[in-house]
Amino acid sequence: MRSHKVTRGLDRAPHRSLFRAAGFHPVELEQPLIGIINSANEIVPGHVHLDVVAGAVKAGVRMGGGTPIEFSTIAICDGIAMNHTGMHYSLASREVVADSIELMVEAHCFDALVFITNCDKITPGMMMAAARLNLPAIMVSGGPMLAGEHEGKKIDLSKLFEGVGAVRGGRISEEELEDMALKACPGCGSCAGMFTANSMNCMAEALGLALPGNGTIPAVSAERTILAKEAGRQIMNLLREGTTINKILVAEAFENALAVDMALGCSTNTLLHLTALAHECGFRLDLNRVNEVSRRTPQLCLLSPAGPDHIEDLGRDGGVPAVMKELMQADLIKAGLITVTGKTVAENVSGAKITGHSVIHSVKDPYRAQGGLAVLFGSLAPDGAVVKQGAVSSSMQRFEGRARVFDSEEDAVEAINNGLITAGSIIIIRYEGPRGGPGMREMLAPTSVLAGMGLDDKVALITDGRFSGATRGASIGHVSPEAAFGGPIALVRDGDLIAIDIPGHSLVLKVSEEELIKRREAWRKPEPKINRGYLKRYACQVSSAASGAVLDQNAVKETGDWT
């Protein structure tokens, strides 16, 4: 046991004294020490109840004969951080989550780990730590929030952001928006749609890192507590069997995750996080491979913001196991991979079924013949850009328009709010990438305002930043290389013609090479928007979105400056 380094032998008498000072009984030190990583806090709705989840996990560990020891890490609420300086820190916090866990685990010699998480950057940060540490480990989410209800219809947080645009467009009153605000988020849990938090918690199931039900059992359900207890029990089995993360996170597990991603219609951020996780595992997730998986995998669900259904509805119709079984029967996922249940994927889903609530469609009758995400390449995005194609209207799948260029999200939002964006435009928001942002801000505000104004099927938005999972419409993000690297997006000017072809996976800037050469010669990299503290260090070290925006000097060197 790793923990014997701090509990056994003559030289460890001082260590045992410190454990006693913390209240540990000698019998507890004879048992395996299980790290319980809990991101609970009092500001994030997805995390306010995680102490209850942690208590259940610890009860399960004790049932299995282990000694649970809890410690914490940070968590940022993307919704609260949205559309102001705080969003610069969101993606950047993923690395702090992973690093802080590594520090605690290596310093204190835990034998195995249970990760209690829920929201956008915390779940992938914990996954990255799990891969880096390569111990027996299980992910446990706090579960999704229930959808709210307004005038007989289900609503969620995305409707509030869109409601701001609806007010500005004169479509609803401020009083109605405030009434919606009282009802959209009825309680704890990760926001109710297939946004990034729920996408990544479903990815944990698909990768084999979490027990079935992890992504869909509501936060307020007793089943969530029981699942947490079972995770505590199961971590002891994984420890006894020597099942470490590298036996689960094999390359084929990422293929399974991508297939489930496409079938569910998950957030574009999943590609950023799966790429970063693959990097931790020593793999390179080729974005061309993403399109291959998308082409062969139909979209089986149309969940908010793309459709009316929510995560609770997905769970009621069979959840991720039912989706995986449907894909497995069509030979679209690998069935023999081991998971944290100690069983294979096939064994995990053997009893799963689509219950007939019409949330999960069959492979023979999908919502779309191809998956929910697509990666576009072309002269505007040589290293790729990502779009949630399942949430783009048919009229915008192929689209040409004239560029309206903004060097920050704030400038773009001001123009939208002032009615300066007309149908047929393509909004370019640049210098918002991992390095240029810094921090690659999510841009739910501009996309939601466009949707609220009824322009989401008439105006496209392209950025080297990223989008919330709550975004819908022709919103293309992760453009790589980013503007701060001198990528082609830095050279776009107002009035340039841009061609979007989502089915053809193409994003083209229709400007001659001769003109681009002139613009490149005149281009000067702007001063950093934030040049202090953690973000100053982050901007110096972060790689391209195409590499997962990881902090890795080798990745930075491989990407290099486009110039």
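Bear in mind the structure is a predicted one, so any value in this text is a computation, not a measurement.
Judged purely by atom type and a 3.5 angstrom limit, Asp317 uses its side chain to pair as donor or acceptor with the backbone of Thr355. Between the side chain of Ser543 and the main chain of Val550, a donor-acceptor pair closer than 3.5 Å is present. At least one donor-acceptor pair closer than 3.5 Å links the side chain of Lys325 to the backbone N or O of Ser350. Here the side chain of Asp156 pairs no donor or acceptor atom with the backbone of His310 at under 3.5 angstrom. Without hydrogens or angle criteria, Asn118 side chain to Gly142 main chain gives a donor-acceptor distance under 3.5 Å. One N or O on the side chain of Thr344 and one on the backbone of Glu347 form a donor-acceptor pair closer than 3.5 Å. For the pair Thr447 (side chain) and Met443 (backbone), a donor-acceptor distance under 3.5 Å is present. In this structure, Gln234 contributes its side chain and Thr341 its backbone to a donor-acceptor pair below 3.5 Å. A donor-acceptor pair under 3.5 Å is absent between the side-chain atoms of Asp309 and the main chain of Leu303, judged by distance alone. Not one N or O on the side chain of Ser221 forms a donor-acceptor pair closer than 3.5 Å with the backbone of Ile217.
The shortest distance between side-chain heavy atoms of Val140 and Val114 falls below 4.5 Å. Using a 4.5 Å cut-off on side-chain heavy atoms (C-beta onward), Lys334 and Val345 make no contact. The shortest distance between side-chain heavy atoms of Thr268 and Arg466 does not fall below 4.5 Å. Residues Leu103 and Glu106 form no side-chain contact, since every pair of their non-hydrogen atoms from C-beta on lies 4.5 Å or further apart. Contact of the Leu461 side chain with the Phe467 side chain is registered, since non-hydrogen atoms from C-beta on lie closer than 4.5 Å. In this structure, the side chains of Val53 and Asn38 stay at 4.5 Å or more apart for every pair of heavy atoms. For the pair Pro382 and Pro481, the minimum side-chain heavy-atom distance is below 4.5 Å. The side-chain heavy atoms of Ile500 and Met396, taken from C-beta on, include no pair separated by under 4.5 Å.
Contact check on Asp120 versus Arg94 returns no salt bridge, with no Lys/Arg side-chain nitrogen under 4.0 Å from an Asp/Glu carboxylate oxygen. Under 4.0 Å is where a charged nitrogen must lie from a carboxylate oxygen, and between Glu255 and Arg289 at least one such pair does. Checked for salt-bridge contact, Arg295 and Glu292 miss the test: no charged N lies under 4.0 Å from a carboxylate O. A salt bridge does not link Arg435 with Glu482: none of the charged nitrogens is closer than 4.0 Å to a carboxylate oxygen. Between Arg398 and Asp501 a salt bridge is recorded (basic side-chain N to carboxylate O distance below 4.0 Å). Ion pairing between Glu241 and Lys343 fails under the 4.0 Å rule for side-chain N and carboxylate O.
In this pair, Tyr367 and His361 present their aromatic rings parallel. The plane angle is below 30°, not in the 30 to 60° band.
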So Glu205 and Asn348, side-chain hydrogen bond (donor to acceptor under 3.5 Å, both in side chains) or not? Walk me through it. CA-CA 10 Å; Glu205 279 192 62; Asn348 285 345; over 6 Å; no

Determine whether Asp51 and Lys58 satisfy the following criterion, salt bridge (Lys or Arg N to Asp or Glu O under 4.0 Å), listing intermediate values before the conclusion. CA-CA 10 Å; Asp51 284 343; Lys58 289 189 281 188; over 6 Å; no

Between Thr339 and Leu207, does the side-chain contact (heavy atoms from CB on, under 4.5 Å) criterion hold? Intermediate values first, please. CA-CA 8 Å; Thr339 71; Leu207 286 163; over 6 Å; no

Under the side-chain hydrogen bond (donor to acceptor under 3.5 Å, both in side chains) criterion, do Ser100 and Thr73 qualify, and how do the steps go? CA-CA 7 Å; Ser100 65; Thr73 188; 2.9 Å; yes

Please test Val386 against Ile476 for side-chain contact (heavy atoms from CB on, under 4.5 Å), starting from the C-alpha separation and ending with a verdict. CA-CA 6 Å; Val386 183; Ile476 300 168; over 6 Å; no

Show the numbers, then the answer: is there a side-chain contact (heavy atoms from CB on, under 4.5 Å) between Met104 and Ile37? CA-CA 10 Å; Met104 287 292 289; Ile37 301 100; over 6 Å; no

Full working for side-chain contact (heavy atoms from CB on, under 4.5 Å) between Arg441 and Leu91: CA-CA 7 Å; Arg441 288 191 286 179; Leu91 178 61; over 6 Å; no

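Taking each heavy atom of His49 and Ala219 in turn, the nearest pair found is NE2-CB, 3.6 Å. Contact between Met1 and Pro32 at its shortest, heavy atoms only, is CE-CG, 3.8 Å. The nearest pair of heavy atoms linking Val542 to Ala549 is CG2-O, 3.6 Å. Taking every heavy atom of both residues into account, Gly79 and Leu157 meet most closely at CA-CD2, 4.5 Å. Closest of all the heavy-atom pairs between Thr297 and Ala263 is CG2-N, 4.2 Å. When all heavy atoms of Ser304 and Phe195 are compared, the closest pair comes out as O-CE2, 3.7 Å.
Side-chain N/O atoms of Thr117 and Thr123 include a donor and acceptor closer than 3.5 Å. In this model, a donor atom of one side chain and an acceptor atom of the other lie less than 3.5 Å apart for Arg224 and Ser141. Side-chain contact of Asp313 with His357: a donor-acceptor pair under 3.5 Å is absent, judged by distance alone. In this structure, a donor-acceptor pair under 3.5 Å is absent between the side chains of Asp383 and Ser480.
For Asn288, the CG atom counts as densely surrounded, since its 6.0 Å shell holds more than 12 non-hydrogen atoms of other residues, nucleotides or ligands. No more than 12 heavy atoms of other residues, nucleotides or ligands shown are found within 6.0 angstrom of CZ on Arg284. Heavy atoms from other residues, nucleotides or ligands lying under 6.0 Å from CZ of Arg296 number more than 12. By the neighbour-count criterion of 12 heavy atoms within 6.0 Å, atom NZ of Lys229 is sparsely surrounded, having that number or fewer from other residues, nucleotides or ligands.
The aromatic ring centroids of Phe110 and Phe71 lie less than 6.0 Å from each other.
Rounding to the nearest 0.5 angstrom, the gap separating the CG atom in Leu373 from the OG atom in Ser267 is 7.5 Å. For the atom pair Ile245 CD1 and Lys247 NZ, the distance stands at 11.5 Å (nearest 0.5 Å). To the nearest 0.5 Å, atom CD of residue Gln329 and atom OG of residue Ser362 are 10.5 Å apart. If you take CD1 on Ile69 and CD1 on Ile36, they are separated by 9.0 Å, rounding to the nearest 0.5 Å. To the nearest 0.5 Å, atom CG of residue Leu332 and atom CE of residue Met324 are 11.5 Å apart. Considering CE of Met328 and CG of Asn256, their distance stands at 10.5 Å, rounded to 0.5 Å.
With Ser294 as reference, Gln389 is the one residue of Gln299, Arg368, Gln389, Gln370 to meet the side-chain hydrogen bond (donor to acceptor under 3.5 Å, both in side chains) rule.
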